[in-house]
Amino acid sequence: MTENDLSGIEFGDQPEASPQQLRLRSASTETIDLAGLLAEDALSSGTLDLSSVGATSFGRLLDALPIPAILIDQRHTVGFVNQSCGKISPDYLELRGIPFLDLVPRPADQERAQALAEKTVSLLERVFLTRKPQVAEAILEIRKTRVWARLHLRTVGIGFERYVLLLIEDMTHEKRQLELSRRQERESSKLHDDLQRRVQSINEELSRATAQLSLETDAHLRTQRHLRVEKQKLAIMWEQAPLAAALVAPTGTFHQINPCFTEMFGYDIGDVPSFKDWIAQAWSDTEFTPFTGADWLDALNTLSEQQTVSASAAVTCKGGTTRDVRFSWARLDDGHYFITCQAD
């Protein structure tokens, strides 16, 4: 608990009355007259020696109180402290004879310290003047022990003198709990604000990602539509091409043939033979040595991707006849061959 946490004195504002007004309404004052509780020898010329209060019935009554109690004279000096003040400091007896103002720690700032001193004096004078109970909250320092206290003040009449009986309700624990709760609320509020900022940031990032995904989805849909159109174009070209065309696997199996291929050689995709059996013999443009279909297939497998080769060949038609054709083939990225044929 710092000085900034425990500074100031607070009490309810009540209109001050002049001595004449007090005399006119003296019946409404709430001063406790203790003359009946004190032995006559405790009073000297109508005044009380506060150092002897502890031996009186009144002093024993104050010592029996479970909360700290202090008697303050009209010079604002502490005259008596009860035994419960030992709950605050074991050196409580050293408070007797010191100004009550010394029990109120003042801040280092001179203006604030002066204002606090004036406020403390005003509180005591108000109690003496109005003779009405007052309640205030302040920081008290009793022998280097600081407590936040709720002060209950009222006047006590002993003979011709007036004193202030100050009952001290230690609120330090409650104040600390309140400060802890406020600190937790501030931390919770900060965490809440941080969480809100993070959620907002995540939502913004999600919005950006959603927008980007929407753009990419639109682009993907456009690409798919474009591919479908291209496939349709390819299918139309495949079906209507004036050349016999086929798609052959690296093993020599025909995967696809177009209508012109069927018309030229008589085969359907289900009965077309392997490339090795389809070519009876073939020769290239530069070499006239005949090669079998198997030889040509081995040669085709050595081609680089997209490399095109042309050659003439005698191929086997459905029914066992042969036909001389000129064909070209190109190796595709997936290893298959695209072959076109025309009559030689």
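Only a predicted model underlies this, so the values are computations on that prediction, with no experimental measurement involved.
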For the pair [X] (side chain) and [Y] (backbone), establish whether a donor and an acceptor sit closer than 3.5 Å, ignoring hydrogens and angles.
X	Y	result
Ser201	Arg197	no
Asn82	Ala69	yes
Ser188	Gln184	yes
Thr210	Leu206	yes
Asp268	Gly270	no
Asp73	Tyr163	no
Asp63	Gln83	yes
Thr321	Cys317	no
Asp91	Glu94	no
Asn258	Leu243	yes

Is there a salt bridge (charged side-chain N to carboxylate O under 4.0 Å, His left out) between Lys87 and Asp170 once you walk through the steps? CA-CA 10 Å; Lys87 296 177 181 179; Asp170 190 350; over 6 Å; no
Would you call [X] and [Y] a side-chain contact if the rule is heavy atoms closer than 4.5 Å?
X	Y	answer
Leu332	Leu247	yes
Cys85	Ile70	yes
Arg326	Cys341	no
His152	Pro133	no
Ile257	Thr262	yes
His226	Arg222	no
Val315	Thr322	no
Asp277	Thr316	no

Can [Y] be reached from [X] by stepping across I, L, V, M, F, W or Y side chains whose heavy atoms are under 4.5 Å apart?
X	Y	result
Val121	Leu71	no
Val156	Leu65	yes
Met237	Met264	no
Ile269	Phe327	yes
Leu101	Ile139	no

side-chain contact (heavy atoms from CB on, under 4.5 Å) partner of Thr155, the single match among Arg131, Gln74, Lys132: Arg131
Calculate, to the nearest 0.5 Å, the distance between atoms [atom1] and [atom2] belonging to [X] and [Y] respectively.
X	Y	atom1	atom2	result
Leu234	Lys231	CG	NZ	9.5 Å
Ile88	Thr145	CD1	OG1	8.0 Å
Trp148	Ile168	CH2	CD1	14.5 Å
Gln232	Leu227	CD	CG	11.0 Å
His173	Arg176	NE2	CZ	9.5 Å
Glu205	Arg198	CD	CZ	13.5 Å

Check step by step if side chain to side chain contact (heavy atoms under 4.5 Å, CB included) holds for Arg106 and Gln114. CA-CA 8 Å; Arg106 278 160 283 182; Gln114 181 63 29; over 6 Å; no
Do you know which two heavy atoms are closest between [X] and [Y], and how far apart they sit?
X	Y	result
Ile72	Phe128	O-CZ, 3.9 Å
Ala244	Phe265	CB-CE1, 4.2 Å
Pro107	Arg112	CG-CB, 3.6 Å
Pro259	Glu239	CG-OE1, 3.0 Å
Ser84	Pro66	OG-C, 3.5 Å
Pro250	Tyr337	CA-CE1, 4.0 Å

Does [atom1] belonging to [X] count more than 12 external heavy atoms closer than 6.0 Å?
X	atom1	answer
Gln110	CD	no
Glu263	CD	no
Glu204	CD	yes
Arg208	CZ	yes
Arg186	CZ	yes

Using 30° and 60° as the class boundaries, would you call the ring planes of Trp278 and Phe261 parallel, tilted or perpendicular? tilted
Test side chain to side chain contact (heavy atoms under 4.5 Å, CB included) on Glu174 and Gln177; report intermediate values, then the result. CA-CA 5 Å; Glu174 288 78 359; Gln177 289 297 114; 5.6 Å; no
Between Val135 and Leu151, does the side chain to side chain contact (heavy atoms under 4.5 Å, CB included) criterion hold? Intermediate values first, please. CA-CA 6 Å; Val135 178; Leu151 310 180; over 6 Å; no
Check whether the ring centres of Tyr267 and Phe254 lie less than 6.0 Å apart, and answer yes or no. no
What I want to find out is whether Arg182 reaches Glu185 closely enough, with some N-O distance under 4.0 Å, to be called a salt bridge. no
Any Lys/Arg nitrogen of Glu187 or Lys190 sitting under 4.0 Å from an Asp/Glu carboxylate oxygen of the other? no
For Gln224 and His220, which I'm curious about, is there any donor-acceptor pair between the side chains at under 3.5 Å? yes
Would you check, one step at a time, whether the test side chain to side chain contact (heavy atoms under 4.5 Å, CB included) holds for Lys318 with Asp271? CA-CA 9 Å; Lys318 188 173 182 179; Asp271 55 16; 2.8 Å; yes
Quick one: do Gln200 and Gln196 satisfy side chain to side chain donor-acceptor pair (under 3.5 Å)? Show the steps, please. CA-CA 6 Å; Gln200 182 177 355; Gln196 287 289 91; over 6 Å; no
